[in-house]
Undergrad: 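Just dropping this structure here.
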Amino acid sequence: MTPRTYGMAKRQAAGAQTRERILAAAHELLAAEDFTELTMDAVARKADVSRLTVYYQFDSKAGLLEALYNYIAKRGQMERLAEIFRQSNDPLRTLHDFILTFARFWASDRNVIRRLHALGGVDPEVAPGLLARNQRRRHGLEVILERYCRVYPPLSPIQEPVALDTLHMLTSFETFDALAGEGRSVEEVGKIVCKQADHAIGFTPRRV
């Protein structure tokens, strides 16, 4: 390794550490009981870096919160989704695994995700990123539903969009948050949602 290459690698590692520290600071601020507002200045102070450093790393508040959502998703093991789509040949099982993966993710950092979604409702900088994530979740469900209709009795042209809208609603954070309440476990919520999802797509378990 040349001195120049070594120096670049060292700067990249330092930059990655700074980025991680900023994300951890933003997460800590959102998780705090006395949270009122997330600003770039507050994140900079918490991370002990300059405001310009935060902008250099993330470009904007929207960029910071998008990166924070990715940070939470990684910790919530959302990378399992790709494996779910590859592994199972049964689209019903894929749907149930999809539901449980999202339920576990929503539960993994529930308060911070709730606040991120609340910010999306009032901050025009944040809303597009959350909308894009919702659209990706919807597309995943669309793929599953298409596979389901190849294996199981297909839905009619009228039923299919209604089923997709219902699945999208059932797998949302807002539905999870409402069903979990103060006492239901992830597994209990998952079972409820899976049962309602089966009903939405017209699946009826065979009675033995």
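Any value given below was found using the heavy atoms of this structure, including those in side chains, with hydrogens, waters and symmetry copies removed.
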Undergrad: Does some side-chain heavy atom of Glu66 sit less than 4.5 Å from a side-chain heavy atom of Arg133?
TA: yes
Undergrad: I'd like to know whether CG of Asn70 has more than 12 heavy-atom contacts from other residues, nucleotides or ligands below 6.0 angstrom.
TA: yes
Undergrad: Treating Arg137 as the side-chain partner and His168 as the backbone partner, does any N or O pair qualify as donor plus acceptor under 3.5 Å?
TA: yes
Undergrad: With heavy-atom distances below 4.5 Å as the criterion, would you say the side chains of Leu170 and Ile99 are in contact?
TA: no
Undergrad: Any side-chain heavy atom of Ile144 sitting closer than 4.5 Å to one from Leu92?
TA: no
Undergrad: Which label fits Phe98 and Phe102: parallel for a plane angle under 30°, tilted from 30 to 60°, or perpendicular past 60°?
TA: tilted
Undergrad: What are the two closest non-hydrogen atoms of Ile201 and Leu145, and how far apart are they?
TA: CG2-CD1, 3.6 Å
Undergrad: Taking all non-hydrogen atoms of both residues into account, name the closest pair between Pro128 and Pro124 and its distance.
TA: CD-O, 3.1 Å
Undergrad: For the CZ atom of Arg114 and the CH2 atom of Trp106, what is their distance to the nearest 0.5 Å?
TA: 12.5 Å
Undergrad: Please round to the nearest 0.5 Å and tell me the distance separating atom OG of Ser50 and atom CE of Met40.
TA: 10.5 Å
Undergrad: Is Val143 reachable from Leu100 through a run of hydrophobic residues whose side-chain heavy atoms are each under 4.5 Å from the next?
TA: no
Undergrad: Heavy atoms, side chains only, cut-off 4.5 Å: are Lys61 and Asp123 in contact?
TA: yes
Undergrad: If hydrophobic clusters are built from ILVMFWY residues whose side chains come within less than 4.5 Å, do Met169 and Leu155 share one?
TA: yes
Undergrad: Of the non-hydrogen atoms in Gly120 and Ala127, which two are nearest, and what is the gap between them?
TA: O-CB, 3.3 Å
Undergrad: Please walk me through it: do His96 and Asp198 pass side chain to side chain contact (heavy atoms under 4.5 Å, CB included)?
TA: CA-CA 9 Å; His96 289 180; Asp198 288 354; 2.8 Å; yes
Undergrad: So Lys191 and Glu188, do their side chains get closer than 4.5 Å, heavy atoms only?
TA: no
Undergrad: With sequence neighbours left out, what residues match Arg138 under salt bridge (charged side-chain N to carboxylate O under 4.0 Å, His left out)?
TA: Asp165
Undergrad: Would you check if Glu28 and Lys46 make a side-chain contact, meaning some heavy-atom pair closer than 4.5 Å?
TA: yes
Undergrad: Please report the interatomic distance CG(Leu68) to CD1(Ile22), rounded to the nearest 0.5 Å.
TA: 12.0 Å
Undergrad: Can Asp109 and Tyr69 be said to form a side-chain hydrogen bond (donor to acceptor under 3.5 Å, both in side chains), step by step?
TA: CA-CA 10 Å; Asp109 218 333; Tyr69 215 120; over 6 Å; no
Undergrad: Please list all pairs passing the ring pair (Phe, Tyr, Trp, His ring centres under 6.0 Å) test where one or both residues lie in residues 18-43, with sequence neighbours left out.
TA: none
Undergrad: Do Val162 and Tyr148 sit in one hydrophobic cluster, given that two such residues count as connected whenever their side-chain heavy atoms are within less than 4.5 Å of each other, even indirectly?
TA: no
Undergrad: For Ile72 and Leu116, which heavy atoms make the closest approach, and how far apart are they?
TA: CD1-CD1, 3.8 Å
Undergrad: Any side-chain heavy atom of Gln57 within less than 4.5 Å of one from Leu64?
TA: no
Undergrad: Write down the atom of Glu160, the atom of Cys149, and the distance for their closest heavy-atom approach.
TA: OE1-SG, 4.5 Å
Undergrad: For Arg110, I'd like to know if atom CZ has over 12 heavy atoms of other residues, nucleotides or ligands within 6.0 Å.
TA: yes
Undergrad: Any chance you could measure Arg21, atom CZ, to Gln17, atom CD, to the nearest 0.5 Å?
TA: 8.0 Å
Undergrad: Could you tell me whether the side chain of Arg147 and the main chain of Pro91 form a donor-acceptor pair under 3.5 Å?
TA: no
Undergrad: Using every non-hydrogen atom in the two residues, find where Ser60 and Glu125 come nearest and quote the distance to one decimal.
TA: CB-OE2, 4.1 Å
Undergrad: Checking side chain to side chain contact (heavy atoms under 4.5 Å, CB included) for the pair Val186/Val189: CA distance, chi angles, key distance, verdict?
TA: CA-CA 5 Å; Val186 175; Val189 174; 5.9 Å; no
Undergrad: Step by step, work out the side chain to side chain contact (heavy atoms under 4.5 Å, CB included) result for Phe105 and Ile113.
TA: CA-CA 10 Å; Phe105 168 53; Ile113 293 172; 3.9 Å; yes
Undergrad: Determine whether Phe203 and Val151 fall in the same hydrophobic cluster, where Ile, Leu, Val, Met, Phe, Trp and Tyr are linked whenever their side-chain heavy atoms lie under 4.5 Å apart.
TA: yes
Undergrad: Could you walk me through whether Phe58 and Arg19 pass side chain to side chain contact (heavy atoms under 4.5 Å, CB included), step by step?
TA: CA-CA 8 Å; Phe58 300 101; Arg19 186 179 178 88; 3.4 Å; yes
Undergrad: Does the side chain of Asp97 reach to within under 4.5 Å of the side chain of Leu81, using non-hydrogen atoms?
TA: no
Undergrad: Cluster question for you: counting only ILVMFWY and a side-chain heavy-atom cut-off of under 4.5 Å, with indirect links fine, are Tyr56 and Tyr71 together?
TA: no
Undergrad: Would you list the pairs meeting side-chain hydrogen bond (donor to acceptor under 3.5 Å, both in side chains) in which at least one residue belongs to residues 30-42, sequence neighbours left out?
TA: Asp41-Arg51
Undergrad: Is there a donor-acceptor pair under 3.5 Å between the side chain of Thr175 and the backbone N or O of Thr171?
TA: no
Undergrad: Just by modelled atom types, is the Leu179 backbone N or O under 3.5 Å from a matching donor or acceptor in the Arg184 side chain?
TA: yes
Undergrad: Could you give the distance from CD (Gln159) to CG (Leu164), rounded to the nearest 0.5 Å?
TA: 13.5 Å
Undergrad: Do the ring planes of Phe173 and His117 sit parallel (below 30°), tilted (30 to 60°) or perpendicular (above 60°)?
TA: tilted
